[in-house]
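This report concerns only the one structure given below.
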Amino acid sequence: MIKIVAIDLDGTLLDPNRQITEEVRKTIAKAKAAGVKIVITTGRPLPGVVEILKTLALTEQGDYVITYNGALVQRATGEEFIKETLTSEDWLDLDAAARKIGLPIHAITREGIYTPNRDLGKYTVQEAQMVQMPLYFRQPEEIAALEIAKVMMVDEPQALNDGIAYLPFEFFERYNMVKSTPYYLEFMNKKASKGSAVKHLAEKLFLDLDEVMAIGDEENDRSMLEVAGNPVVMENGKAELKKIAKYVTKSNAESGVAYAINEWVLKDYEA
């Protein structure tokens, strides 16, 4: 029986209008009532998911959330128990590379989003608005003194792709790098990923990975889909991810998360 369902947000839990359908809300409530741990697993910081957690009634001591694409695992009440952050040296090296290739960059902490770019990139502003965090301009050395959960280089898709081609090869070995959208390239501690976070949480709860379902749609979901015994990919998900899926559910426009939970989780509890 599946005891944990780890669910990505954008393109998965949220519909194309970034809303939670009533069918998804009711199904998650039913799963929680049956004793299934519903774990929101996202690249966003906790402030960017608080309202979602409230809507889904996932705000109790026994509820968990994975944020910053796995760099932080915490209870919904805020208590942290897995943390994999970046060093000041990491930040300064990433900032130097971004300046050299001309890509806007920002760092995300638990307190806010910090950028050394005087001309704010529109995707930096968009990220701050989406995750509901304050945005600050600081010198690179000031940012280096902060506890950084992840760093993002952000730009138009073609400019971002062109910039990636000029990144130092060692970055690909040194960081966990994920392109979470066509205009976001994220850098995290090598130990930080949605997959490692899901694995650590299962271990903390004394559960086997065969008792874990993961639902996602994008490349930054790959690691958790690979570790979960029951990987589910949305119909609107990447074709490459569907190759590793145990199940393909309906699209996010059709409440695919609800369909997956009803079909492959709750039926075992009703038997």
Side-chain angles (χ1 to χ4, degrees), residues 9-10 14 18 40-54 65-74 76-80 82-157 159-160 163-164 167-168 171 174-194 197 220:
L9 280 185
D10 299 295
L14 305 180
R18 290 185 172 163
I40 301 305
T41 311
T42 176
R44 300 185 190 188
L46 187 60
V49 294
V50 165
E51 290 305 315
I52 290 168
L53 296 175
K54 288 179 180 176
V65 58
I66 294 170
T67 54
Y68 302 106
N69 278 327
L72 193 63
V73 183
Q74 58 199 127
T77 50
E79 176 197 343
E80 303 168 3
I82 298 172
K83 182 169 63 176
E84 305 287 0
T85 54
L86 292 168
T87 67
S88 57
E89 182 183 2
D90 288 330
W91 160 253
L92 291 172
D93 288 350
L94 288 166
D95 176 62
R99 288 171 185 274
K100 187 173 181 179
I101 58 183
L103 288 177
I105 189 171
H106 60 252
I108 303 183
T109 74
R110 282 170 294 174
E111 288 72 40
I113 297 177
Y114 295 81
T115 180
N117 305 131
R118 289 188 181 277
D119 295 325
L120 294 176
K122 77 172 186 178
Y123 292 113
T124 290
V125 176
Q126 176 180 297
E127 174 72 1
Q129 291 173 337
M130 183 174 75
V131 303
Q132 300 174 42
M133 293 191 83
L135 176 58
Y136 304 102
F137 167 77
R138 294 288 188 274
Q139 294 298 328
E141 295 73 19
E142 294 177 287
I143 298 174
L146 305 173
E147 186 177 71
I148 298 171
K150 70 176 181 178
V151 170
M152 299 172 68
M153 292 184 190
V154 295
D155 210 339
E156 298 298 337
L160 190 58
I164 291 170
L167 287 174
F171 280 13
R174 183 171 163 185
Y175 305 109
N176 177 20
M177 294 169 53
V178 292
K179 198 174 182 188
S180 54
T181 75
Y183 36 84
Y184 287 168
L185 178 64
E186 308 191 15
F187 298 82
M188 290 157 291
N189 184 304
K190 190 70 173 178
K191 296 178 182 177
S193 71
K194 288 187 176 183
N220 64 325

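Values reported hereafter were calculated over all heavy atoms of this structure, with side chains retained and with hydrogens, waters and symmetry mates removed.
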Taking the side chain as everything from C-beta on, heavy atoms only, tell me whether L185 gets closer than 4.5 Å to L167.
yes
Any I52 side-chain heavy atom under 4.5 Å of T42 side chain
no
Looking at [atom1] of [X] and [atom2] of [Y], how far apart are the two atoms once the value is rounded to the nearest 0.5 Å?
X	Y	atom1	atom2	value
R99	L94	CZ	CG	12.5 Å
L135	I108	CG	CD1	10.0 Å
I143	W91	CD1	CH2	4.0 Å
M153	D95	CE	CG	8.0 Å
L72	T85	CG	OG1	9.5 Å
H106	Y184	NE2	OH	6.5 Å

If only atom types and distance count, is the side chain of [X] paired as donor or acceptor with the main-chain N or O of [Y] below 3.5 Å?
X	Y	value
R44	G48	yes
Y68	L46	no
K150	A192	no
D90	T87	yes
N117	I105	yes

Is a side-chain donor-acceptor pair under 3.5 Å present for N69 with E186?
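E186 vs N69: donor-acceptor pair found between side chains.
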May I ask you to check whether Y136 and E111 show a side-chain donor-acceptor distance below 3.5 Å?
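Per modelled atom types, Y136 and E111 side chains form no pair under 3.5 Å.
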In terms of relative ring orientation, are F187 and Y175 parallel, tilted or perpendicular, with 30° and 60° separating the classes?
perpendicular
